[in-house]
Amino acid sequence: MNCLFCAIAAGEIPSAKVYEDEQVYAFKDIAPQGPVHVLIIPKKHIDSMQAAGPEDDGLCQMLAAARQIARELGVDKTGYRLITNVGPDAGQSVPHLHLHLIGGKPLKWDN
Ligand code: 5GP
Ligand code: ZN
């Protein structure tokens, strides 16, 4: 399958890695929306959160990774946002499930 984030998780396309375990890979977003902007992905290809199922136990691990990354990047106390865009109306541009972890500045909520 020709998938950008599968290729990044496999190391075939370079990325600025911030975290990795057996199920999860995380790297800096190429077009950051804040001082901290990390993408957290399952190594297994899943199109989006809508396509995930109960067998996808890596999702819990993505949240655990988010907590650890937030601590390591110093936004656990100041706060951060976790977002996953699902489908066209949400502007999902890469069809491989990913959590955006954004922080390091006060964030507005403006869609
Ligand atoms: P989406 O719009 O699907 O929710 O988010 C996709 C994100 O992937 C965007 O924030 C975009 O900047 C990021 N992105 C797209 N291509 C690359 C890439 O090649 N490398 C990295 N590090 N981020 C990418
Ligand atoms: Zn993929």
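Each ligand, and each atom within it, is numbered from 1 in the order the structure gives.
Shortest contact from atom 11 (C) of ligand 1 to any protein heavy atom: Asp29 OD1, 3.4 Å. For atom 22 (N) of ligand 1, the closest non-hydrogen atom of the protein is Lys28 O, 2.9 Å. Of the protein's heavy atoms, His98 NE2, 3.0 Å lies nearest to atom 5 (O) of ligand 1. Protein heavy atom closest to atom 14 (N) of ligand 1, with residue, atom name and distance, is Ile30 CG2, 3.8 Å.
Of all the atoms in ligand 1, the ones that sit under 4.0 Å from a non-hydrogen atom of Gln92 are 3 (O). In summary, the atoms of ligand 1 found under 4.0 Å from a heavy atom of Phe27, numbered by their order in the structure, are 21 (C), 22 (N). In summary, the atoms of ligand 1 found under 4.0 Å from a heavy atom of His100, numbered by their order in the structure, are 1 (P), 4 (O), 5 (O), 7 (C), 10 (O). The Val94 neighbourhood of ligand 1 comprises atoms 3 (O), 6 (C), with distances under 4.0 Å to a heavy atom of that residue. Interface of Ser93 with ligand 1, defined as ligand atoms under 4.0 Å from a residue heavy atom, comprises 1 (P), 2 (O), 3 (O), 5 (O), 6 (C). Heavy-atom contacts of Ala31 reach the following atoms of ligand 1: 12 (O) (cutoff under 4.0 Å).
Any N or O atom pair closer than 3.5 Å counts here, and Leu4 shares no such pair with ligand 1. Checked against a 3.5 angstrom limit, the closest N/O atoms of Phe5 and ligand 1 fall outside it. Ligand 1 has no nitrogen or oxygen under 3.5 angstrom from a nitrogen or oxygen of Leu39.
Shown here for Ala26 and Ile69, the closest heavy-atom pair between the two residues is CB-CD1, 3.6 Å. Nearest heavy atoms, His45 versus Asp47: NE2-OD1, 2.8 Å. Considering every non-hydrogen atom in both Asn85 and Ile83, the closest pair reads OD1-CG2, 3.6 Å.
For Thr84, no heavy-atom contact with ligand 1 is shorter than 4.0 Å. Contact annotation: for Asn85 versus ligand 1, heavy atoms closer than 4.0 Å belong to the side chain alone.
One distance of note links CD1 of Ile41 with CD of Gln23; it measures 13.0 Å at 0.5 Å rounding. Taken to the nearest 0.5 Å, the CG atom of Leu97 stands 5.0 Å off from the OG1 atom of Thr84. Remark: Phe27 CZ to Glu20 CD distance equals 11.5 Å, nearest 0.5 Å.
Between the ND1 atom of His96 and the ND1 atom of His45, the angle centred on the Zn ion (ligand 2) amounts to 110° when rounded to 10°. Between the SG atom of Cys3 and the SG atom of Cys6, the angle taken at the Zn ion (ligand 2) works out to 120° after rounding to 10°.
Listed for the Glu72 side chain is no donor-acceptor partner under 3.5 Å among the backbone atoms of Ala70. Remark: the backbone N or O of Ala9 is not paired with any side-chain donor or acceptor of Lys17 at under 3.5 angstrom. A donor-acceptor pair is defined here as one N or O able to donate and one able to accept, closer than 3.5 Å; such a pair exists between the side chain of Lys105 and the backbone of Gln33.
One finds a salt bridge joining Lys44 and Asp56 here, because a Lys/Arg side-chain nitrogen approaches an Asp/Glu carboxylate oxygen to under 4.0 Å.
Contact annotation: Ser15 has no heavy atom less than 4.0 Å from any atom of ligand 1. In this structure, Gln33 has no heavy atom closer than 4.0 Å to ligand 1.
Not less than 6.0 angstrom separates the ring centroid of His98 from the ring centroid of His96.
No more than 12 heavy atoms of other residues, nucleotides or ligands shown are found within 6.0 angstrom of CD on Glu22.
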